[in-house]
Amino acid sequence: MTGARRALPARGLRYGGDYNPEQWDRATWREDVAAMRAAGVTTVTVGVFSWALLEPEPDRVETAWLDEVLDLLHGAGIEVDLATPTASPPPWLARLDPETLPVDASGHRLHHGSRTHFCPSSPTYRERALAITRAVARRWAAHPAVVMWHVSNELGTTCWCPRCGEAFRGWLRARYGSVEALDAAWGTAVWSQRYARWEEVAPPLRAPYLLHPAHTLDYRRFASDALLALYRAERDAIREVDAVRPVTTNLMGFFGGADYRSWAGDLDVISDDSYPDPADPGSPVRAALTHDLMRSLADGPWLLMEQAVGAVSWRPHNVPKTTAVMRQDALRAVAHGADGVLSFQWRASPAGPERFHSAMVPHAGTGTRLHRAVQQLGRDLAALADVAGTHERAEVALLHDWPSRWAAEEPATPSEHLRVLPQLEAWYRPFWETGVGVDVRHPGDDLEGYRLVLAPQLYLLTDDDAARLRRYVTDGGCLALGPFSAVADGNARVRTGPFPAPFTDLLGAEGEEWWPLPGGGGDDDTVGLVPDPASPEDVGSGTARTWAEVLRPTHGVVVARFDGGDVDGLPALVRSRDDRLHYLATIPDDVLLRRWLLGLAERRGVAPRHPVAAVPAGVEVARRGPVTFVLNHRRTAVEVPVRTPCLDLLDGVEHQARVPVPPGGTVVLREALT
Ligand code: GAL
Ligand code: ZN
């Protein structure tokens with residue numbers, strides 16, 4: 001943390017998007033501003049990719065065009081999230097110093113001609129990025145349109161160049177002190193990898209066979225820190241001129257190239273880019289989970305910085321969003337804590353790689369179905385202005401840790417079919433289906449107050465975090481661990497002794513062998529799961545796939561056992577006698593998983609806060625503050641039973657016991673005061 005977060009001024013729920021005036025002429029700017037007003041736009045992000053226009057050649061900065069744009073926007077009451085343009089250096093930078101370009105894992109230097117073509121360790125890049133950042137900040141810090149600074153864009157570049165190697169060695173020295181300590185921590189006695197001198201340690205470039213997992217893990221940590229350092233340098237350059245306005249950079253959900261948990265304290269506003277695929281039925285649950293991650297990183301409201309109102313253009317096949325889905329995606333983000341919905345982009349580009357990406361103003365113009373839906377969303381968000389700023393902690397926490405995910409998904413583990421995010425999603429789903437709030441936390445966070453903590457796949461767990469989780473349990477909490485958890489320590493070394501090593505005593509069971517199931521995890525490759533007759537709770541029968549473990553109960557309770565296959569009769573689900581620590585050693589079917597998790601939640605007194613009496617299948621319910629969002633994903637109308645009369649905040653209609661929701665519809669309810 002770098003002190004208290006600076007907040008955006010209150011303005012209800014913000015609405016708008018990325019605006020790229022550099023692609024348009026003056027007449028279009030005027031049309032844009034008028035159309036933005038008509039659509040209820042409050043906020044636009046300007047300048048993201050405008051370095052080559054702002055600084056056409058080194059040290060010649062041209063600001064007049066952007067002065068005019070900012071004045072126009074301000075005149076229309078539209079506020080600006082002003083970006084530093086450093087995500088896409090102009091062609092002259094590579095000419096000035098080719099080593100500003102990044103190198104891939106094969107050691108090949110990439111070229112310019114796209115975007116994000118910078119090496120985070122290049123001193124020239126940093127110097128030039130900070131110079132243009134300072135110029136932008138100085139020029140517009142006092143401009144009344146500017147409410148926030150937006151550093152770069154989706155910071156995510158990893159580079160494997162010699163200069164990054166040098167920086168990596170500096171990072172390692174700070175972490176380990178000596179090369180001997182590094183050798184010991186990594187375990188380089190294997191395969192003759194022992195380093196005698198710092199100069200021998202390089203980025204984990206492609207090699208003939210497997211790389212050392214501790215080496216690659218530390219490189220990912222280093223690469224994340226290098227990007228954070230860039231963010232901080234720009235942020236600090238802005239701070240020199242503007243100590244007041246919040247600074248953000250747009251994140252990318254569960255993006256694998258950076259540890260956002262370690263970044264969060266440096267962002268005044270947590271902002272995220274979210275592009276659920278409308279063709280994928282798993283998108284709603286995944287989007288909700290990602291929004292919960294952002295709300296948890298923010299510990300309060302966050303901002304949906306980018307989404308699409310229609311199709312994206314970067315998938316192989318880009319199915320558009322119906323206007324109903326567009327509305328649902330936007331309102332879901334609000335339901336999960338977003339204080340605004342911004343889209344990429346305001347006006348569709350006719351040129352460039354994103355010429356087929358949707359926009360709030362499509363190529364076909366403002367007289368279109370899509371644009372009318374954009375205007376309607378502006379009205380909906382305005383009607384929900386009171387929701388802005390509301391926040392409360394959930395009662396269930398789901399644990400996620402980037403380094404643990406990185407380490408778990410290295411090659412050469414017992415199975416590559418046990419993946420972290422699918423596990424997270426599977427455990428999250430029952431809560432999403434019933435409208436129970438979930439925070440996404442880290443094992444190092446303060447977990448006090450959560451009734452239930454879930455760790456679906458936490459392969460790597462540092463000693464400190466293990467101790468913290470133990471304390472959470474012994475202080476009266478309830479922790480459920482998923483398969484292959486707490487296996488490795490902070491250096492990705494496998495813990496020896498029965499597993500889960502830090503917890504066997506509390507759990508009352510000891511693991512001896514990992515047992516990936518034959519077949520790799522297709523739906524036909526399953527074994528049975530049956531309840532243990534002696535277990536006090538009955539999770540029913542079901543199936544297990546992909547993964548099993550050889551567990552031996554000591555003083556714990558066996559809740560379910562494997563039925564069939566090599567693991568026939570062995571425990572699959574065990575818990576401590578006091579019901580506080582649970583360990584699931586497999587991937588069960590969704591029905592059994594749901595029964596188990598919701599049973600646990602019920603025993604811990606976790607209940608939905610919303611007034612929906614029973615959430616029908618195909619309907620998504622989410623509660624934010626005093627408001628309940630109901631999204632119907634079906635193609636047919638549905639009537640949702642409510643325990644108490646509710647007012648629909650979008651159309652003003654009051655409903656007594658049943659709320660009708662049209663196909664694809666979304667209603668936002670508040671319990672009526674009567
Ligand atoms: C984001 C990016 C935007 C735009 C968008 C398209 O990743 O920040 O600039 O490219 O994707 O979906
Ligand atoms: Zn580099």
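Here the structure is a predicted model, which means the values were calculated and not measured. Hydrogens, waters and symmetry mates are skipped; everything else that's a heavy atom, side chains included, is used. Counting starts at 1 for both ligands and their atoms, in listed order. Nothing fancy with the numbering, it's 1 onward along the sequence.
Ring geometry for H112 versus H117: interplanar angle of 30 to 60°, hence tilted. Taking the six-membered ring for Trp and thresholds of 30 and 60 degrees, F222 and F168 have ring planes inclined between 30 and 60 degrees apart.
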Does ligand 1 have any N/O atom under 3.5 Å from a protein N/O, and what are those pairs and their distances?
from: ligand 1; atom 1: 7 (O); to: E154; atom 2: OE1; distance (Å): 2.4
from: ligand 1; atom 1: 7 (O); to: E154; atom 2: OE2; distance (Å): 2.7
from: ligand 1; atom 1: 8 (O); to: N153; atom 2: ND2; distance (Å): 2.8
from: ligand 1; atom 1: 8 (O); to: E154; atom 2: OE1; distance (Å): 3.3
from: ligand 1; atom 1: 8 (O); to: E154; atom 2: OE2; distance (Å): 3.3
from: ligand 1; atom 1: 8 (O); to: E306; atom 2: OE1; distance (Å): 3.1
from: ligand 1; atom 1: 8 (O); to: E306; atom 2: OE2; distance (Å): 2.7
from: ligand 1; atom 1: 9 (O); to: R115; atom 2: NH1; distance (Å): 3.0
from: ligand 1; atom 1: 10 (O); to: R115; atom 2: NH1; distance (Å): 3.0
from: ligand 1; atom 1: 10 (O); to: R115; atom 2: NH2; distance (Å): 3.0
from: ligand 1; atom 1: 10 (O); to: E354; atom 2: OE1; distance (Å): 3.3
from: ligand 1; atom 1: 10 (O); to: E354; atom 2: OE2; distance (Å): 2.4
from: ligand 1; atom 1: 12 (O); to: W314; atom 2: NE1; distance (Å): 2.7
from: ligand 1; atom 1: 12 (O); to: H357; atom 2: NE2; distance (Å): 2.7

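Here salt bridge (Lys or Arg N to Asp or Glu O under 4.0 Å) pairs that include residues 355-375, with residues two or more places apart or in two chains, number zero.
To the nearest 10 degrees, the angle centred on the Zn ion (ligand 2) between SG in C161 and SG in C159 reads 110°.
Using a 4.0 Å cut-off between charged nitrogen and carboxylate oxygen, R239 and D268 count as a salt-bridge pair.
Note: H291 and W302 meet the aromatic proximity criterion, with ring centroids under 6.0 Å apart.
Side-chain N/O atoms of D67 and W140 include a donor and acceptor closer than 3.5 Å.
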